Amino acid sequence: MRLKSGEFMSWPNVAGAFAVMAVIILQVIWIPSYAATWDMVDFALGVLHFDMYQMQPHFPGYPYFILGGKLLHLVVGDPVQALTLFNIIVYGSAIIPLFLLMKRIVRPTYAGMATAMVYTSSFTILMVNQPMSEGAAVGMMWWYIWSLVLSDEKPHNGFLILPLFLFSLLLGIRLSYLVLGIGILIVLYRKWKGGMVTFLDTFVYLLIAILFQLLWVSGISMSEGGYESFLRLALSFTNGHFQEWGGTIGASDLSLWDRVVKLIFVNTIWVGAVGESLPLLILLLVGLAAAGRKGSNGNRYMTSLMLMILGSYFLWALFAQNVMKPRHALPLIGIALFLAAGRMLSQRLTRTGSILVLSFLLLQVYHTSTLLYKHASDIPAVYQMADYLESEEEEKPLVVYTWEESRVLEYLDAPFIHKKVQTYKVFTNDAGYYPERDIYLTDKVVEGFKKQGVPVDAFIKVEKHFHSSELIDPIYHDLTLYKWEKQREEEDG
């Protein structure tokens with residue numbers, strides 16, 4: 001049944017439209033200019049000069065994301081802001097597929113409100129406003145999911161080309177969303193089971209999907225010296241990317257149960273769904289509890305499709321992603337919020353229910369705005385450390401040994417000597433060349449030495465602590481700088 005546009009005119013939808021417009025305006029006003037992590041620096045340098053051998057950016061190159069940044073860099077001088085603006089544009093465009101999907105499972109008078117509840121999600125918006133590929137990838141994910149639903153609904157098989165093409169754009173932005181391709185297999189299976197495509201047709205569509213992926217793979221390969229060169233880059237990156245300090249990074253210390261708990265209750269719900277806001281969590285739980293007794297008004301196939309995609313990505317995030325970084329759970333967060341909003345607004349709301357949902361949206365927009373302002377105005381911990389060491393360098397020459405922080409210091413063109421180090425032996429040998437300089441180490445380096453069984457506590461003292469938002473940067477939000485106190489004679493011995 002075709003819905004008339006007048007059916008969407010309601011105060012909830014108007015409120016939703018204003019909420020979305022307000023957030024987009026604030027996103028553009030408060031674009032930060034910090035490249036505070038190794039990956040951010042990789043992407044920013046990739047905009048200035050694309051070279052995967054120099055990790056500009058790292059494998060697999062993120063060609064569509066970098067291309068978007070390069071195009072906007074023509075009018076935006078800062079590569080960090082150019083990439084962030086590209087994220088905002090792509091994610092902003094996702095309001096269209098979000099609305100088109102949402103109107104299939106909620107009452108027309110609530111479609112705009114429900115869309116806004118998903119779109120203005122605090123943590124998602126915060127990640128969009130960073131020079132990282134996740135922001136554009138989440139936006140493209142919604143276009144891709146919408147194309148899956150559309151191709152299933154349309155009797156003409158030509159519509160199957162659309163999700164195959166959009167999936168290529170998605171992986172060209174962020175390859176780690178590969179598992180979302182399960183949606184294509186589900187749609188093809190339904191078409192085959194319904195007699196709309198033959199086994200040969202299915203093979204042809206899968207071949208077309210591969211050819212679409214080869215568009216960006218071939219482009220990257222040619223820019224880096226051919227397919228053989230691209231394969232060498234892939235192998236070298238995957239061999240070293242997930243291993244640091246002789247063991248798997250971060251999440252390896254967690255048991256499977258701890259990983260499940262962190263992924264669901266911390267990354268997806270507490271951080272992702274409500275942005276660490278207790279009032280938002282209470283309103284969300286009350287709203288879902290109130291909706292739990294109501295029947296569904298929605299498209300059951302679309303809901304089932306999303307649940308299967310959700311489940312597939314959950315397993316992928318659990319076993320193949322770093323659960324220490326909540327941003328890796330963004331697809332889970334988005335789809336879970338979509339289903340939650342659809343559930344709460346699938347039936348006509350009472351006055352109390354309307355107040356509850358409106359309160360959630362308004363509080364979420366307020367919380368999102370405060371996080372955006374904090375993100376744009378707060379100085380990242382590694383930048384604070386760089387400023388402090390620059391002032392110390394003016395008093396006495398120094399050398400600082402870091403882990404990933406060195407990449408940021410290099411990007412900032414820090415005027416003091418800084419070196420990335422991972423083994424104690426390399427550190428002691430190198431530090432011996434600087435007998436007249438003060439020696440500093442970051443906490444990540446000290447932790448790495450301790451994991452290697454080196455007792456360093458007797459030879460270091462805390463110089464200074466630096467802090468920034470954990471929500472924005474879960475790995476380097478707290479940074480401790482140590483001064484090396486060990487005598488040179490002991491080191492040489």
Side-chain angles (χ1 to χ4, degrees), residues 32-42 80 244-247 249-250 253 324-325 374-375 377-493:
S33 57
Y34 301 121
T37 67
W38 183 291
D39 288 344
M40 290 181 185
V41 172
D42 283 357
V80 171
E244 296 291 353
W245 304 109
I249 57 173
D253 297 330
M324 302 306 292
K325 297 179 179 180
K374 182 177 179 63
H375 183 29
S377 58
D378 283 8
I379 301 175
V382 66
Y383 275 59
Q384 297 175 38
M385 182 187 73
D387 290 339
Y388 175 78
L389 289 174
E390 184 173 350
S391 64
E392 290 297 300
E393 171 78 6
E394 295 174 358
E395 300 294 329
K396 183 179 180 180
L398 61 88
V399 181
V400 59
Y401 292 88
T402 73
W403 189 22
E404 292 187 350
E405 304 96 329
S406 190
R407 183 69 161 171
V408 179
L409 297 176
E410 179 184 352
Y411 180 74
L412 295 175
D413 196 21
F416 47 84
I417 299 175
H418 54 87
K419 298 189 176 186
K420 181 182 179 182
V421 65
Q422 291 180 316
T423 65
Y424 182 73
K425 183 177 180 181
V426 170
F427 162 71
T428 54
N429 288 339
D430 191 80
Y433 292 110
Y434 304 101
E436 304 303 322
R437 290 177 177 266
D438 286 339
I439 305 297
Y440 293 92
L441 305 91
T442 63
D443 51 353
K444 297 297 182 184
V445 173
V446 172
E447 290 169 12
F449 290 167
K450 290 180 179 179
K451 288 181 179 179
Q452 296 167 27
V454 180
V456 296
D457 288 337
F459 312 122
I460 58 176
K461 73 169 186 177
V462 174
E463 178 72 12
K464 196 170 181 63
H465 293 290
F466 306 96
H467 179 76
S468 53
S469 172
E470 181 180 3
L471 194 60
I472 296 169
D473 185 359
I475 305 299
Y476 291 100
H477 63 283
D478 271 324
L479 199 158
T480 301
L481 187 67
Y482 293 93
K483 191 171 185 178
W484 186 254
E485 294 292 302
K486 190 175 183 180
Q487 296 298 313
R488 294 293 190 272
E489 291 80 12
E490 291 180 90
E491 291 176 12
D492 293 339

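When reading the values below, keep in mind they use all heavy atoms of this one structure, side chains included, and skip hydrogens, waters and symmetry mates. The structure presented is a predicted model; accordingly, all values stated were derived computationally and were not measured.
Ring planes of H477 and H467: perpendicular class, angle over 60° (limits at 30 and 60°).
Between L398 and L389 there is a side-chain heavy-atom pair separated by less than 4.5 Å. Side-chain contact between F466 and D387 is absent, with no heavy-atom pair separated by less than 4.5 Å. Residues Y482 and D443 are in side-chain contact: their nearest non-hydrogen atoms beyond the backbone lie under 4.5 Å apart. In this structure, D430 and V421 have side chains that are not in contact, with every pair of non-hydrogen atoms separated by 4.5 Å or more. For the pair K420/E405, no side-chain contact is recorded, criterion being any heavy-atom separation below 4.5 Å from C-beta on. You'll find the side chain of E393 reaches within 4.5 Å of the side chain of R437, heavy atoms only. Residues T442 and Y401 have side chains not in contact (no heavy-atom distance under 4.5 Å, counting atoms from C-beta outward).
The distance from atom CG of N429 to atom OH of Y424, rounded to the nearest 0.5 Å, is 10.0 Å. Atom CG of L481 sits about 6.0 Å away from atom CD of E463, to the nearest 0.5 Å.
Although no hydrogens or angles enter the test, the distance criterion places no donor-acceptor pair under 3.5 Å between the side chain of S406 and the main chain of T402. Side-chain atoms of E404 do not come within 3.5 Å of backbone N or O of T37 as any donor-acceptor pair. The closest donor-acceptor contact from the side chain of R407 to the backbone of W38 lies at 3.5 Å or more, if one exists at all. Side chain of E485 to backbone of A458: no donor-acceptor contact under 3.5 angstrom is found. Checked by atom type and distance alone, the side chain of Q422 never pairs as donor or acceptor with a backbone atom of W403 at under 3.5 Å.
The residues D457 and K450 are annotated as salt-bridged, a charged nitrogen and a carboxylate oxygen being separated by less than 4.0 angstrom.
Closest non-hydrogen pair, A381 versus S468, comes out as N-OG, 3.2 Å. Nearest heavy atom pair, residue A386 against residue L409, reads CB-CD2, 3.6 Å.
A distance below 6.0 Å separates the ring centres of Y383 and Y34. In this structure, F449 has its ring center closer than 6.0 angstrom to the ring center of F427.
Both tests pass for K444 against the ring of Y476: distance under 6.0 Å to the centre and angle within 45° of the axis.
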For this session: Before giving the answer on side chain to side chain donor-acceptor pair (under 3.5 Å), spell out for T480 and H465 the whole-Å C-alpha distance, their side-chain angles and the decisive distance to 0.1 Å.
Result: CA-CA 5 Å; T480 301; H465 293 290; 2.9 Å; yes
